[in-house]
Amino acid sequence: MKYFPELTLGVEPSAQSVGFETPDFELDCALLSLGSAPVILCIGSDRVTGDCLGPIVGQMLTEHGVRAYVYGTLDKPVTALNLKDSVRRIKELHSDKKVLAIDSSVGKVSDVGKIRIAFGSIAPGSADGKKLPKVGDVSITATVTDPRRTPLSAVRLGTVYALARSITERIMRCMQ
């Protein structure tokens with residue numbers, strides 16, 4: 001799996017500080033490699049603040065009319081409980097499409113606020129020891145907390161929202 005250089009957004013991203021700091025070319029290549037009208041799988045729960053990055057991105061993308069098939073919004077989140085069914089449905093309906101998987105992640109304090117983009121899949125729920133299917137041809141994760149200091153349930157919504165907005169803006173620019 002090829003990781004792009006980390007995108008540091010700071011521990012407490014503000015509206016002014018959030019943005020991709022990696023060269024645009026590398027980011028665009030990863031997103032454009034998905035082709036036209038890809039599947040965007042936004043993973044997470046709307047019931048846990050630190051885990052709602054995916055559903056917020058999915059909601060923002062659908063509200064902005066992205067040219068993609070979006071799975072996982074605030075109204076219909078893709079969580080550990082329905083991920084396998086969602087993956088099965090995506091394979092049935094969109095077998096010819098590439099998948100962009102988006103999920104929040106946990107890490108060290110120094111990683112909070114970093115967005116990572118990689119060619120390859122992610123393993124949702126692995127931080128909690130869950131055995132869920134790996135998903136995505138390209139993946140985007142954003143580190144929202146160090147769980148030894150702040151549990152996922154206590155992550156500031158403003159932090160998650162700023163990361164989600166930055167991810168959404170980049171996707172929208174690449175898919176116009």
Solution key, residues 33-43 side-chain donor-acceptor pairs under 3.5 Å, sequence neighbours excluded:
from, atom 1, to, atom 2, distance (Å)
S33, OG, A30, O, 2.7

Atom pairs and distances, side-chain donor-acceptor, residues 53-62, under 3.5 Å, sequence neighbours left out:
from, atom 1, to, atom 2, distance (Å)
Q59, OE1, L74, N, 3.1
Q59, NE2, E63, OE2, 3.1
T62, OG1, G58, O, 3.2
T62, OG1, Q59, O, 2.9

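To the nearest 0.5 angstrom, I140 atom CD1 is 4.5 Å from L100 atom CG. Here the OG-CD1 distance, from S166 to I171, works out to 10.0 Å after rounding to the nearest 0.5 Å. Atom CD1 of residue I122 and atom OG of residue S139 lie 5.5 Å apart, to the nearest 0.5 angstrom. Here CG of L152 is found 9.5 Å from OG of S105. Values are rounded to the nearest 0.5 Å. Taking CZ of R67 as the reference point, atom CE of M172 lies at 8.5 Å (rounded to 0.5 Å). To the nearest 0.5 Å, atoms CE (M175) and NE2 (H64) are separated by 14.5 Å.
The two residues D46 and P77 come nearest to each other via the heavy atoms OD1-CG, 3.7 Å. Counting all heavy atoms, side chain and backbone alike, V160 lies closest to G50 at CG2-CA, 4.3 Å. P147 and V106 make their closest contact through CD-CB, 3.7 Å (heavy atoms, listed as atom of the first residue, atom of the second, distance). Between L163 and G113 the shortest heavy-atom distance is CD2-O, 3.6 Å. Contact record, D103 with D51: OD1-OD1, 3.9 Å, taken as the closest heavy-atom pair. The minimum heavy-atom distance linking K97 with D137 is given by the pair O-OD2, 4.4 Å.
The ring-ring contact (aromatic ring centres under 6.0 Å, His included) check on H94 picks up Y69, Y71, with sequence neighbours excluded.
Looking at T145, its side chain does come within 3.5 Å of a backbone N or O of T150 through a donor-acceptor pair.
R116 and T143 share a donor-acceptor pair across their side chains, judged by distance under 3.5 Å alone.
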